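Below is one structure, written out as structure tokens, with a few remarks after it.
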Amino acid sequence: MTTTAYCVPVLMYHHVSPAAGSLTTSPENFECQIASLARRGYRSLTAEQFADFLAGAPTPAKSVLITFDDGYLDNWVYAHPVLQKHSMQAVLFLITGLVGEDVARPHAGQTGAEVPAVLGHLQSKAAIASGAADLAMLRWAEVRAMQEAGTFEVHSHTHTHQRWDLTDDVREVCLKNLTQDLSDSRATLQQQLGSVSEHFCWPQGYFAQDYVAVAQSVGFKYFYTTVAHGQNLVGVSPAHIYRVAVRNRGGAWLLLRIWFAAHPMVGPLYNKWKLWKRALRAKA
Ligand SMILES: [Zn+2]
């Protein structure tokens, strides 16, 4: 290998769905994005390969890590068939307490299949709040099918997706709640899928130093944030992995965004400019 990756961009998705809304990429744009990555020779890493990259293992220059948060039904219905078609894989951070128990529903890659209706982001939240999470979220049968197909590997995004700092006024109680939530998530993954990893994604992107220590103590080592303005380079802390939120745009946009994210000189300048713009907005 002549060149190894300087930086591996980590892409963050939530929904791939025709139900327009926030945190949503349309199936057409997702297909275009994944096809563009494949056509340009990008390789989607496994979480383990990404961890090896951070530790200094030789990694192809055109590498990305594709991540999905929460575990929505549309990931199975619309994202899974596209990943399968292009032999790409993604990492799914699953809210383990919201996964359903019933049989797998049809997905869009099955000819003649009548795919289930999927909900937009706000509708999904409402369905979960009203006790109808199954309308919005994946079932274990679908999770296993994706894992077996090699399109998604599964890691923890907590059991309940709580902001634990808001669960009590007393910090010790919050930390106890956090420990319980993480332990429940790990036990559920172990029970349902037979394994649990060291990779973990913070709910709503929120974390504090004592949270990191608790999460490390129960077995997590790699922490995925919602912070975009930084680069994942060899030797950087696995406790703070940067992710780029993918917009509902086409493949050309994604290729350009990845180029900005990964470039040794342009990347840091771009991130500084983004931070400066954010600071201006905050002042306004
Ligand atoms: Zn989430």
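Note that the numbering runs from 1 along the sequence shown for the chain. As the structure lists them, so they are numbered: ligands from 1, and atoms in each ligand from 1. A quick note: this is a predicted structure, and the numbers were derived from the prediction, not measured.
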Testing the 3.5 Å rule here: is there a donor-acceptor pair between the side chains of H121 and S22?
no
Give a yes-or-no answer on whether the side chains of N29 and Q33 include a donor-acceptor pair shorter than 3.5 Å.
no
Has S183 got a side-chain atom pairing as donor or acceptor with T179's backbone, closer than 3.5 angstrom?
yes
Between the side chain of D70 and the main-chain N/O of Y72, is any donor-acceptor distance below 3.5 Å?
no
Could you tell me which residues satisfy salt bridge (charged side-chain N to carboxylate O under 4.0 Å, His left out) with R171, sequence neighbours excluded, listed by chain and number?
D210
Enumerate the protein N/O/S atoms at a distance below 2.8 Å from the Zn ion (ligand 1), ignoring waters.
D70 OD1, H157 NE2, H161 NE2
Counting the benzene-type ring for Trp, do F207 and H240 have ring centres under 6.0 Å apart?
yes
